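To keep things clear, I will list the structure first and then write my remarks on it.
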Amino acid sequence: MNTFLDFISSISWWMWMLIVLALVAIRDIFLQRKHTISHNFPVIGHFRYILERIGPELRQYLVANNREELPFNRIERGWIYASAKKENNYEGFGTDRDIYSHHHIFINNAMMPYKIEKDHPNAVDKTFLPCAKVIGAYNKRKKPFRPASVINVSAMSFGSLSAKAVESLNKGVHIAGAYHNTGEGGLSPYHCNGGDVMFHFGTGYFGVRDSDGNFSMEKLVQLVNDNPHVKAIEIKLSQGAKPGKGGVLPGAKITEEIARIRHVEVGKDVLSPPNHSAFSNVPEMVDFIEAIAEATGLPVGIKAAIGKLDQWEELADIMKTKGHGPDFITVDGGEGGTGAAPPSFADHVSLPWVYGFSDLYKLFQRKGLSERIVFIGSGKLGFPAKAAMAFAMGVDCINVAREAMMSIGCIQAQICHTNHCPSGVATQSKWLQSGIDVTLKSHRLAQYFKTFRKEFIEITHSAGYEHPCQFKMSDIDVNVDDHNLSKELDLTYHYEKTPVPFKSMQDLKDCIYLGGQYKNQNT
Ligand SMILES: Cc1cc2nc3c(=O)[nH]c(=O)nc-3n(C[C@H](O)[C@H](O)[C@H](O)COP(=O)(O)O)c2cc1C
């Protein structure tokens, strides 16, 4: 035994390395058949796999320039991180963007900015920026709702996000006076921490389904009655990253908690089909919306990514003749995010936000319906200048998903679909989410929303307006091509927005339907 140990200890370190490399080479050539590269190039072939694995991180941190990454470049991410931490989010020395590039937008500033007086709501609170329209007012719903913030958290379910992330977002919207969209996974206890909630469901009817997976009005009414912080209901028709794509929630991911919240069975695969079972055509969908609004008293809207317009045309005609229909329409852009989607869907199915929204808005405007609908936009709009463009085009509120995730620590690792999210935001791993400090992160989300609103108000004032709803298409220019470097939005997208009735910021502040914590100050 001693002789053997003496022999082992006499082998020098470089001999050990040669032995290990020789063993790896034997394994590569003779013992594995899966990887041709390792077989043909034993040992060194492994470097290719290592570099492929760490390539995204190398590019993100070392190689990519400030403006070239997608979905969000370093400057955009940095602005969200700094805003969320209330750090210096300015840049020095002027823009580093090529402002002559295609699709670059310019906001036309006024000769003299809008002046706020001493007692103006924004002199008191520089971040006060509620929605200029009341959701559900036109259709005389029993409980209309004016979102107290023009920026809100977009649909992301508990399941795609961790419990701690959902709780941070809900506590954050409570501080910021915004609303929190539940996403498709039902209403979890993490959505019930004080913030206004928009309850969202898709074809799986999670949280409001019967034992056969069909929609249950009884369960929805119960949910609304038990949770007065639910202010509106959103029916998902599609989302930009995967329109018309059904999905399977694997039984292995269905814990007792998820089963309880979603009203599904533990450990059994659950199907979310591409189509709704509660309606199968546009007239039936309108009846469904009315039935829900009638039973719950809440405003009801639909969320969709835009492509073909024929069924939207049918919807507009029904709304015109019947005098009712959705209270709001959330338009998601093809650039929208998701927990998981096939690349060919995410890259190619449905229009980018500006094209989809302008097509849809024009259609409803032509039918004289744009005033009675609250338009919500989502698709990388969580930056004040992008939001100004969206408001000029006709939106009344924006929803943000990935920007909200970044404000609570997401590093754009782009592995939401693997359950290995390193920041603990998009994973169910208890270990990975244990690093999230909910109190700190909720303040970060709130601060991002507040900074966004403050800068958005300042841009609005710079353009000579009191509220962003006053932006017109002609206030924003967009670079269209080399020949004709820039055109106003109305000339680019061929419509002018219908003016939003707006008296003053004070009038919005006094509104009895105003959400968030402001409502307590008014009663
Ligand atoms: C992790 C994650 C989960 C999502 N879950 C849903 C969902 O349940 N229902 C839905 O309609 N959209 C869902 N979305 C899409 C977002 O709500 C939003 O429409 C889209 O990401 C565009 O907004 P953004 O550019 O601000 O991220 C999800 C997005 C992400 C990133």
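Each ligand, and each atom within it, is numbered from 1 in the order the structure gives. Heavy-atom basis, side chains included; hydrogens, waters and symmetry copies ignored. As the structure is a prediction and not an experimental result, all values here were calculated from the model.
Side-chain contact check for Glu234 and Thr330: at least one donor-acceptor pair (N or O, by modelled atom type) lies under 3.5 Å. For the residue pair Tyr179/Asn399, the side-chain donor-acceptor check at 3.5 Å is satisfied. One side chain, Lys219 or His263, offers a donor N or O that lies under 3.5 Å from an acceptor on the other. Glu455 and Thr451 share no side-chain donor-acceptor pair at under 3.5 Å.
Each of the following atoms of ligand 1 lies closer than 4.0 Å to a heavy atom of Gly379: 22 (C), 23 (O), 25 (O). Interface of Gly183 with ligand 1, defined as ligand atoms under 4.0 Å from a residue heavy atom, comprises 8 (O). Against a heavy-atom cut-off of under 4.0 Å, His200 is close to the following atoms of ligand 1: 9 (N), 10 (C), 11 (O). In summary, the atoms of ligand 1 found under 4.0 Å from a heavy atom of Ser154, numbered by their order in the structure, are 16 (C), 17 (O), 18 (C), 19 (O). Close approach of ligand 1 to Ser378 is summarised as follows: ligand atoms under 4.0 Å from at least one heavy atom of the residue are 19 (O).
In terms of polar-atom proximity, Ser160 is not counted as a contact of ligand 1, lacking any N or O under 3.5 Å from an N or O of the ligand. The shortest N/O to N/O separation between Glu335 and ligand 1 does not fall below 3.5 Å. Of the polar atoms of Ala155, at least one N or O is found under 3.5 Å from an N or O of ligand 1, judged by distance alone. Distances between N or O atoms of Gly337 and those of ligand 1 include at least one value under 3.5 Å.
A salt bridge links Glu69 with Arg77: the distance from a Lys NZ or Arg NE/NH1/NH2 to an Asp or Glu carboxylate oxygen falls below 4.0 Å.
A heavy-atom separation below 4.0 Å is not found between Cys416 and ligand 1.
Contacts between Thr338 and ligand 1 below 4.0 angstrom, taking non-hydrogen atoms only, involve the backbone exclusively. With a 4.0 Å heavy-atom cut-off, ligand 1 is reached by the backbone of Met156 and by its side chain too. At a heavy-atom cutoff of 4.0 Å, ligand 1 is contacted by both the backbone and the side chain of Ala401.
Between Thr427 and Ser429, the shortest heavy-atom distance links the atoms OG1-N, 2.9 Å.
Relative to atom 12 (N) of ligand 1, the option among Arg402, Lys380, Glu184, Lys303 with the closest non-hydrogen atom is Lys303.
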